[in-house]
Amino acid sequence: MRSSFAVKALLVGAMIAAVTAGQPVFAPRATTTAAATDPTTPPVSTQPATSGPTSTGPTTSAPATAEPTATEPPSTPPTVTTSDSPPPTTTSDTPPPTMPPPVQPPPITGLPNPIPPVAVRPDIALDPAVTGACRDAADIRLTTKLALAQNAYNTAQRIYDVTFTNFGIGTVYVQDLALALIDLGQTTTALNNVKYELAKCQVRAGAGPNKDCVLLSLELNRVADLLAQRQLIVDAAKRYYDAIKVKVDIGSLPPQALVPAVRKWEDAKTMLKDAQQDERDVHTAVNQVAERCGFMRYPDPPPNAR
């Protein structure tokens, strides 16, 4: 799953750069070699389509063509030398400090690792003249909504980190960690959605002639991120249910405690099915413009998936 995210995030940055006057919003997570011919040529993905989502997890593929038409900018700008003097050298024998490896949940929890939100390049500022006019259906500025979503995500991330630490020393239970992960997945989804809306706003304000193709590609990546987060929430809700059921079975919790756990798990599965339907709808939209936009057609879903 993580490898498909790298290709997906690459797609977003390249396509925004090909259509808008500005630079890509999302940070590239991998580099690729492609040929840029015409800045007005609709950018396309280079990952082959798959047969569609299955009940075991989200599908994160994007449309592809035989020949890419957009060049991904390098993840870091080239170094510019402004002096003829040689670069300074380090004379200290003290080795540089090493960063500890990232903390991972122990396997016994049965919980997935959190999936970080879509990355935005720190050196790219959204055009205020464009984003200032971007509002959502509730007439809220998307830049304001982004700040609120970022604050909610930061809070959920801190709570998860503290809960994970306390779980490691045995002061909280696995169901507490599962609840923290569910909240983190929900706030990550909300943050991603606002970021994609701002990216679409930038594309609509651009001068490219095939903006609908780029917007459709952004939507493909949005539903891929949505599916990943929704699957994570389902897994965490199932683990929460399992932990509560054990306590009910041994008599440490009353049977009524299982009711909200069942509801939380069922709601998570319903939301995952909704995201899978969103993906099928986007695949249908891709097939309708595949020839004009240079997309590879997605296979028709099986009858039971319609």
Side-chain angles (χ1 to χ4, degrees), residues 1-13 15 25-30 45-64 102 104-105 107 109-120 146 149-150 152-154 156-157 160-161 164 177-200 216-240 264-283 286 298 301 305:
M1 178 184 296
R2 296 298 175 89
S3 61
S4 61
F5 293 158
V7 177
K8 169 177 59 55
L10 167 94
L11 166 69
V12 176
M15 284 182 289
V25 174
F26 299 112
R29 300 178 188 173
S45 169
T46 57
Q47 182 175 354
T50 63
S51 58
T54 64
S55 59
T56 59
T59 300
T60 58
S61 61
Q104 300 295 339
T109 64
L111 290 170
N113 294 325
I115 303 173
V118 176
V120 177
L146 177 64
Q150 185 68 58
Y153 167 80
N154 292 344
Q157 179 69 63
Y160 175 83
D161 291 342
F164 175 79
L177 185 61
L179 287 177
L181 182 59
I182 291 171
D183 187 54
L184 182 58
Q186 291 171 339
T187 56
T188 304
T189 297
L191 179 58
N192 284 347
N193 287 341
V194 180
K195 289 181 177 180
Y196 276 114
E197 283 303 312
L198 277 171
K200 291 175 184 177
L216 194 54
S217 296
L218 280 171
E219 188 66 6
L220 275 167
N221 286 282
R222 185 193 68 80
V223 297
D225 283 314
L226 179 64
L227 278 167
Q229 296 293 341
R230 291 276 170 85
Q231 183 64 59
L232 178 146
I233 293 172
V234 167
D235 295 340
K238 173 62 165 59
R239 188 66 183 91
Y240 176 75
K264 191 178 295 293
W265 185 24
E266 292 298 328
D267 288 348
K269 290 189 290 186
T270 299
M271 296 301 290
L272 176 61
K273 290 179 180 179
D274 185 71
Q276 290 169 339
Q277 183 60 55
D278 280 354
E279 185 187 55
R280 288 191 289 269
D281 292 343
V282 175
H283 287 184
V286 166
Y298 282 92

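Here, residue 1 is the first one in the sequence, and each next residue gets the next number. Both backbone and side-chain heavy atoms feed into the values below; hydrogens, waters and symmetry mates do not.
- To the nearest 0.5 Å, atom CG of residue Asp225 and atom OH of residue Tyr196 are 3.5 Å apart.
- Considering only heavy atoms from C-beta on, Asp235 stays 4.5 Å or farther from Leu111 through its side chain.
- When all heavy atoms are compared, the tightest approach of Arg230 to Ala275 is NH1-CB, 3.8 Å.
- With values rounded to the nearest 0.5 angstrom, Asp281 atom CG is found 12.0 Å from Gln276 atom CD.
- With hydrogens and angles disregarded, no donor-acceptor distance shorter than 3.5 Å links the side chain of Asp274 to the backbone of Thr270.
- Interatomic distance, Leu272 CG to Asp267 CG, rounded to the nearest 0.5 Å: 12.5 Å.
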*In sequence, state the C-alpha distance, the side-chain angles, and the governing distance for Lys269 and Glu266, and then conclude on side-chain contact (heavy atoms from CB on, under 4.5 Å).*
CA-CA 5 Å; Lys269 290 189 290 186; Glu266 292 298 328; 3.2 Å; yes

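- Checking Thr187, Leu191, Asn193 one by one against Thr189, the side-chain contact (heavy atoms from CB on, under 4.5 Å) holds for a single residue, Asn193.
- By the 4.5 Å heavy-atom criterion applied to side chains, Pro116 and Thr188 are not counted as neighbours.
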*Apply side-chain contact (heavy atoms from CB on, under 4.5 Å) to the pair Val223 and Glu219, showing each step before the final yes or no.*
CA-CA 6 Å; Val223 297; Glu219 188 66 6; 4.2 Å; yes

*Stepwise side-chain contact (heavy atoms from CB on, under 4.5 Å) test for Met271 and Ile233*: CA-CA 9 Å; Met271 296 301 290; Ile233 293 172; over 6 Å; no

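- Between Lys195 atom NZ and Leu218 atom CG the span is 14.0 Å, to the nearest 0.5 Å.
- Side-chain N or O atoms of Gln229 include one that pairs as donor or acceptor with a backbone N or O of Ile115 at under 3.5 Å.
- With contacts defined as side-chain heavy-atom distances shorter than 4.5 Å, the pair Leu226/Asn192 does not qualify.
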